[in-house]
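Reading through the structure tokens given below for one structure.
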Amino acid sequence: MKKVLPLLLAVVLLTGCSQTPKEMERALVLRSKLLQANSCSFDAEITADYGDVLHVFRMNCTVDSRGDLSFRVTAPESIAGITGKASSQGGALTFDDTALYFGLLADEQLSPVGAPWVLMKALRGGYLTSAGMEGDQLRVSVNDSYEDDALNLDVWLDSVNIPQRADICYGGKRILSMKLENVQIS
């Protein structure tokens, strides 16, 4: 009996390791849905934390099937109407009489207006590091790359796997938060 018990314990532990927890499966279902979608649109309220000052603004965002993002700033009124695009090749801003300037974050890796693109890039292809329930929402942690200076994202999904909010962290500190509304994946 003593010889069988360690063998039985090893079988139970190893088969448990090969199964994907249901929380991680939900994250993978969202990834699959985003990769198969023609587009994804959402409104984002973004809060960028510079330590001594917070910048808060709102954007309408649309992501195409390649993962390229188009956005329009909607608030505050002083910068409303500015539009832009972001992709893996870079980004561009369009404006008339108003210039949009936010200092770069994460050792100059991230502009706050690029945060929705980073979110979609991470959800579509980042390294899923963990997933677990927090109340009635699923919290998914994603590393945006395998590099030493990676951005780490925590994304909260509702009961039907729609992102509701996200934090972007760098060097163990939250540098940016997003509240997502009107998320449509089609």
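Scope of the values below: all heavy atoms of this structure, side chains included, with no hydrogens, waters or symmetry mates. Counting begins at 1 with the first residue of the sequence.
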Not counting sequence neighbours, which residues clear ring-ring contact (aromatic ring centres under 6.0 Å, His included) with F57? List them please.
F102

Contact summary for [X] and [Y], nearest pair of heavy atoms:
X    : Y    : result
P76  : V56  : CD-O, 3.8 Å
L128 : A27  : CD1-CB, 4.2 Å
F71  : C61  : CB-SG, 4.2 Å
L123 : R31  : O-NE, 2.9 Å
M24  : T129 : CE-C, 4.3 Å

Flag yes if [X] and [Y] sit in one hydrophobic cluster, no otherwise; membership is Ile, Leu, Val, Met, Phe, Trp, Tyr, and two members link when side-chain heavy atoms are under 4.5 Å apart.
X    : Y    : value
M133 : V140 : yes
L28  : L34  : yes
L151 : Y50  : yes
I185 : W156 : no

State which residues pass side chain to side chain contact (heavy atoms under 4.5 Å, CB included) with [X]; sequence neighbours excluded, sorted by chain then number.
X    : answer
E77  : none
S130 : S141
S32  : Q36
A150 : N143, D144, S145

Quick one: ring-ring contact (aromatic ring centres under 6.0 Å, His included) pairs with a partner in residues 160-179, sequence neighbours left out?
none

Of all pairs that satisfy ring-ring contact (aromatic ring centres under 6.0 Å, His included), the ones with a partner from residues 115-137, not counting sequence neighbours:
Y127-Y146

Under 3.5 Å, side chain of [X] to main-chain N/O of [Y], donor-acceptor pair present?
X    : Y    : value
Q109 : D149 : yes
R26  : V160 : no
R174 : C169 : no

Roughly how far, to the nearest 0.5 Å, is [atom2] of [Y] from [atom1] of [X]?
X    : Y    : atom1 : atom2 : result
D68  : S88  : CG    : OG    : 6.5 Å
D158 : R165 : CG    : CZ    : 12.5 Å
K85  : T62  : NZ    : OG1   : 9.5 Å
N152 : I175 : CG    : CD1   : 10.0 Å

Positive for side chain to side chain contact (heavy atoms under 4.5 Å, CB included) with V118, one of L69, V142, L176, I168:
I168

Under the rule for salt bridge (charged side-chain N to carboxylate O under 4.0 Å, His left out), what residues qualify as partners of [X], not counting sequence neighbours?
X    : result
R72  : none
E134 : R139
E45  : R58, K179
D64  : R66

Using a 4.5 Å cut-off on heavy atoms from C-beta on, say whether the side chain of [Y] contacts that of [X].
X    : Y    : value
D49  : L54  : yes
F42  : M178 : no
L180 : Q164 : no
P163 : L30  : yes
P112 : H55  : no

For N38 and S65: C-alpha separation, side-chain torsions, deciding distance, then whether side-chain hydrogen bond (donor to acceptor under 3.5 Å, both in side chains) applies.
CA-CA 5 Å; N38 290 322; S65 61; 5.6 Å; no

Let's go through M59 and I46 carefully: what are the C-alpha distance in whole Å and the side-chain angles of both, what is the deciding distance for side-chain contact (heavy atoms from CB on, under 4.5 Å) to 0.1 Å, and is it a yes or a no?
CA-CA 8 Å; M59 298 168 47; I46 300 170; 3.5 Å; yes

Only counting residues at least two apart or in another chain, list the ones meeting side chain to side chain donor-acceptor pair (under 3.5 Å) with S159.
none

